[in-house]
Each structure stands twice: as structure tokens, then as C-alpha cells.
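Data block below; observations after.
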There are 2 protein chains.
Amino acid sequence: MTLTEIDADEDSAAETAVPTVYVCITCRRPEDPESAERPGLTLARATARAAAGTGVAVCQVECLGNCSRSLSAAMRCDGAWTYVFGGLEAGRDAAALIEGAQLLARATDGILPWRGRPEALKKGLIARVPPLDFPPTDPTEDTE
Amino acid sequence: MTLTEIDADEDSAAETAVPTVYVCITCRRPEDPESAERPGLTLARATARAAAGTGVAVCQVECLGNCSRSLSAAMRCDGAWTYVFGGLEAGRDAAALIEGAQLLARATDGILPWRGRPEALKKGLIARVPPLDFPPTDPTEDTE
């Protein structure tokens, strides 16, 4: 294998990097009974079903730390910002999460667009974090 | 350059990946005057000063989407979970952010430990997102 071939392989891996949705399976509302399946798990399972054939990966996560604003999910894609959402509903928002992840994967500027964004991902925005290649501040420039 | 040397280079890059703190420079409280420097920018500058010599990188970000729970910052490190914090104070929390990033960089399990975590990063936790290598759920296993 030559260096050129290795480069080509890396490019192809980057291009095929799949958008990923993380759903918290521990989330429940205070009024939800302890004995029932956690609504977070219900949402995670529905999201996995909604992802079938879309190329979006779904991860079950035990806690996204957003407990008081649950149900919670996050999404990321190489080169894009990472988004965290709260206030989701188990029986309603699986398709919105997959649709959002697909929108994010297509966003050439790495930002989840407002136009066309599912309503649950507008109202439920909790935070976003820049992509890995986001430029650090030059400390000689802006620390005075 | 041989393949072994390329592998060694990649390992070394991974090991020296610096923890990064992202501070929102747009954040202000509703009561803050429009004319003054944004408290988020004040916090970002103080954080950059606190980072000097620590090996922590600081990025100024225009919005972390956590506006109603500001001031806001996030931190990440290769192999670790990414954390978002809110309710920070410009004149108080720069050192806490740097200390937290150093704790995260040392965490062998990729989780910011509770013990020893600065108080502002306990009270101010908004959300956390898994590291890139977090395993996706097998869709054949858990979608019924």
C-alpha cells in the first residue's frame, strides 16, 4: 500500500463518516412510574427503528447529564457542530432526531439549519459544541 | 516513511491532543448593559489568561446555544466525554474551567470526576456527550 493509497483511504473514511444520534435511556419525567420502561429507552428504541436504512447511527447512552430537561438526545457528524436537545417526547420525536441528523450531515457549514429543522429540535435546543477543527484563540492576540 | 512510522506518528498525535475549553463570548445576562463588554468575552479572556502554561487550549465561540442558562462554556479532550456548563460567572470561573479541563485530560475513563471537580462545574452542568469511539447500538439487538 502506498502513501497515496493510504491518503485515499482516509479521505474515503471521512466522507462516509455517519451522523450519529445519542439517546439517553435513563431519562424519565418525575411523574413517570418507576416500574414502567424508561421513556428515554422507549425513545431510543423508536429512534433506532426510524434510523433503519437512513445511514444514521443510533447510540444508547446512560446519561447525557441533561436530566432536569429530559428527555434528552444529542447528535454529531464529522466536521459539524455537536447538538444537545431536551424536552423530547418518547412517542413523538424519533423521526425528528433522524431528520435532524440527516440535515446536519448535509450541512456544508457544519451548522444545523433553522429552516427545515424539525420543531422539536428548535424548541428543544439545549446547547451546541464546535467541531474538532474549530480554531483556538491566539493567546497573544486577545488576553489583555 | 514506513507504515509503522505512520502509526507511531498517529499515536503520538493522539497522546499529545490538548484539552480544549470553548467559552461563549456572546453570553450576557438580561440585566447586563448593552454598551459594556459582554461578560462572556470577559470570561473567555480570563480563561485564556488562566490557561497560560497549562497546556489547555481556549477557544472563543460566538454561541453555544445555551443562552438562557448563560454564561456558557464547554470542554473536550480526545477520548473523553464533552461537557457543557452554564450559570458561570465572568469574574469567578476561569480557573475552574482550566482546572476542569486538566481533570478531564487526566481521566482514564474519559469522565470528568465528581470528586475534586470545581464547584462551578458541579452546579453548572448542562449536558455531556460521549467520545467519538462510543459504540453504536446494534440495531438487530434492541429495536423491538
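Atom set for the values below is all heavy atoms of this structure, side chains included, hydrogens, waters and symmetry mates excluded. Naming: A, B, ... by sequence-line order, numbering from 1 per chain.
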>> Heavy-atom cut-off 4.5 Å, strictly under: side chain, backbone, both or neither for A/C63 against chain B?
In response: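 Both parts, backbone and side chain.
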> Between B/E37 and B/T42, is any side-chain donor less than 3.5 angstrom from a side-chain acceptor?
Replying inline: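 Side-chain D/A pair, B/E37 to B/T42: present.
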> Any idea which of A/T82, A/L132, A/I126 has the most non-hydrogen atom pairs under 4.5 angstrom with chain B?
Replying inline: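 Of the candidates given, the most pairs with chain B belong to A/I126.
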> Which one, B/V21, B/L64, B/N66, leads in non-hydrogen pairs under 4.5 Å with chain A?
Replying inline: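 Heavy-atom pairs under 4.5 Å are most numerous for B/L64.
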> Can you find a pair of side-chain heavy atoms, one from A/Y22 and one from A/R76, that are under 4.5 Å apart?
Replying inline: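 When only atoms from C-beta onward are counted, A/R76 and A/Y22 do touch, with a gap below 4.5 Å.
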>> Counting C-beta onward and ignoring hydrogens, is there a side-chain heavy-atom pair between A/V129 and B/V84 closer than 4.5 Å?
In response: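 Yes; the side chains approach each other to less than 4.5 Å.
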> Should A/R117 and A/E99 count as an ion pair when the cut-off is N to O under 4.0 Å?
Replying inline: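 Salt bridge between A/R117 and A/E99, a charged N being under 4.0 Å from a carboxylate O: no.
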